[in-house]
Amino acid sequence: MSRLVRRKALALLGGMVIMFIFTAPIIWMFLASFKPIAQIFSIPPVWVPDFGHLGNYAKLLSENWQFLLNSVIITLSATLLCMVISLPAAFALTQFRFRGRNFFADWVLSTRMMPPIAAAVPLYIVVNSIGMIDTIWALIVIYAGFNIPFAVWVAMSFFRKVPKEVLEAAELEGCTSGQTFLKVALPLSKSGIATVATFVFIFAWNELLLALFLTTRAAKTFPVVISSFVTTSMTFWEMIAAATVIQAIPTVIFTLLMQRHIVSGLTMGAVKN
């Protein structure tokens, strides 16, 4: 065996080991979601569960389906609101020249550097004072607000790749700034926009701490439900496993639907003419 073949074999083996380290917890969680609690801790282990055992999922959804629906509504609404605000802002910061533009862009980014948990107590006081504790609208606005700086800065990098000649040609044809944004910049940046929307969706879907602070029952999200299965007396691993699988499904589906645009968006501008 030549040295080159050995290097490739070692690289392949190393890649498989790393992949197994990262995927083993996911595989274990998926298999455990089909097991009763006794099988999860049985010795010797039950490697292949009865995939017809759906008791964990049935119990979980029957008791918590409304919280899963809350997560879907909040995440989709927050993503849409974030994109509606951040995309025009990003376009303006890249195309319009005005005093303090760079300072404003840096200030927008700096707000993203603060961890959300640092604002949990002030947010609780403000939201409580206006009577919006445990409401879906409060979480939608807050999730969108925390993701706007990220969305603005990432979208700016894609709008900068739009040829200025195309934008100038649209203006010469009589398009207003709004029409240029809607009819020219957005279609040419759709791959980048899909990338931004995907990351905002994932951030909002998986957020736990703020939802834990700002909800009690009516607006509780699914990540809060998952955390409730860890109690002082015991941990309900079978419910955590089933809930984790359900929690991962929308993210996987959304990412797969956007996969073509994400790959195109992440490589946009990688090759310079």
Side-chain angles (χ1 to χ4, degrees), residues 17-79 115-117 120 123-124 133-136 138-140 142-143 146-147 198-257:
V17 170
I18 294 174
M19 183 184 69
F20 176 77
I21 292 173
F22 282 98
T23 57
I26 301 174
I27 296 172
W28 182 91
M29 199 69 69
F30 175 76
L31 296 177
S33 68
F34 294 97
K35 299 177 184 179
I37 189 65
Q39 289 188 2
I40 293 178
F41 294 101
S42 65
I43 298 175
V46 178
W47 296 107
V48 181
D50 177 14
F51 291 103
H53 175 71
L54 301 176
N56 297 334
Y57 291 99
K59 181 179 179 181
L60 177 69
L61 293 176
S62 64
E63 297 176 355
N64 301 287
W65 65 267
Q66 67 271 29
F67 306 129
L68 179 61
L69 181 61
N70 284 348
S71 283
V72 173
I73 294 173
I74 291 170
T75 301
L76 292 178
S77 301
T79 302
I117 192 60
L123 281 174
Y124 180 88
I133 285 291
D134 198 26
T135 61
I136 287 177
L139 289 183
I140 290 173
I142 291 171
Y143 284 6
F146 272 104
N147 283 298
T198 301
F199 281 106
V200 172
F201 178 91
I202 293 173
F203 292 156
W205 178 257
N206 291 327
E207 204 286 322
L208 168 64
L209 294 176
L210 292 177
L212 200 60
F213 266 81
L214 302 175
T215 64
T216 54
R217 175 71 184 180
K220 186 164 67 171
T221 60
F222 207 62
V224 178
V225 173
I226 298 176
S227 69
S228 68
F229 293 129
V230 180
T231 67
T232 55
S233 57
M234 68 177 298
T235 300
F236 298 89
W237 286 109
E238 75 282 12
M239 303 304 292
I240 289 178
T244 302
V245 172
I246 294 175
Q247 177 74 13
I249 289 174
T251 302
V252 172
I253 293 175
F254 193 81
T255 304
L256 289 176
L257 291 175

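Quick caveat, the model's predicted, so the values are computed rather than measured.
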Subject >> Spatial distance of atom CD1 (Ile74) from atom OG1 (Thr215) [nearest 0.5 Å] >> reply: 8.0 Å

**OP:** Check whether any side-chain heavy atom of Asn70 sits under 4.5 Å from a side-chain heavy atom of Phe67, and report yes or no.
**Re:** yes

Original post:
Do the side chains of Phe236 and Val230 get nearer than 4.5 Å, heavy atoms only?
Top reply: no

Subject >> Side-chain touch Asn147/Phe199, heavy atoms, less than 4.5 angstrom >> reply: no

Original post:
To the nearest 0.5 Å, how far apart are CZ in Phe203 and OH in Tyr143?
Top reply: 13.5 Å

**OP:** Compare all side-chain heavy atoms of Phe222 with those of Leu208 and state whether any distance is below 4.5 angstrom.
**Re:** no

Subject >> Distance (rounded to the nearest 0.5 Å) between Ile202 CD1 and Thr255 OG1 >> reply: 4.0 Å

**OP:** Taking all non-hydrogen atoms of both residues into account, name the closest pair between Val245 and Met29 and its distance.
**Re:** CG2-O, 4.3 Å

**OP:** Could you tell me the separation between the CD1 atom of Ile246 and the CG atom of Asn64, rounded to the nearest 0.5 Å?
**Re:** 9.0 Å

Original post:
Does anything in residues 22-50 pair up under side chain to side chain donor-acceptor pair (under 3.5 Å), and if so which pairs, sequence neighbours excluded?
Top reply: Ser33-Tyr57

Original post:
CD1/Ile226 to OG1/Thr244 distance, rounded to the nearest 0.5 angstrom?
Top reply: 5.0 Å

Subject >> Exam field: side chain Glu207 to backbone Leu209, donor-acceptor pair closer than 3.5 Å >> reply: yes

Subject >> Distance in Å, Phe254 CZ paired with Thr75 OG1, rounded so as to fall on 0.5 Å steps >> reply: 10.0 Å

Original post:
Does any N or O in the side chain of Thr221 come within less than 3.5 Å of the main-chain N or O of Ala211, such that one atom is a donor and the other an acceptor?
Top reply: no

Subject >> Nearest heavy-atom neighbours spanning Leu214 and Tyr124 >> reply: CD2-CA, 3.7 Å

Original post:
For Ala219, does its backbone N or O pair with a side-chain atom of Asp134 as donor and acceptor, under 3.5 Å?
Top reply: yes

Original post:
In this structure, are over 12 heavy atoms from other groups packed under 6.0 Å from Phe20 atom CZ?
Top reply: no

Subject >> Heavy-atom closest pair, residues Ile21 and Pro25 >> reply: O-CD, 3.4 Å

**OP:** Heavy atoms only: give me the nearest Thr251-Trp205 pair and the separation to one decimal.
**Re:** OG1-CD1, 3.3 Å

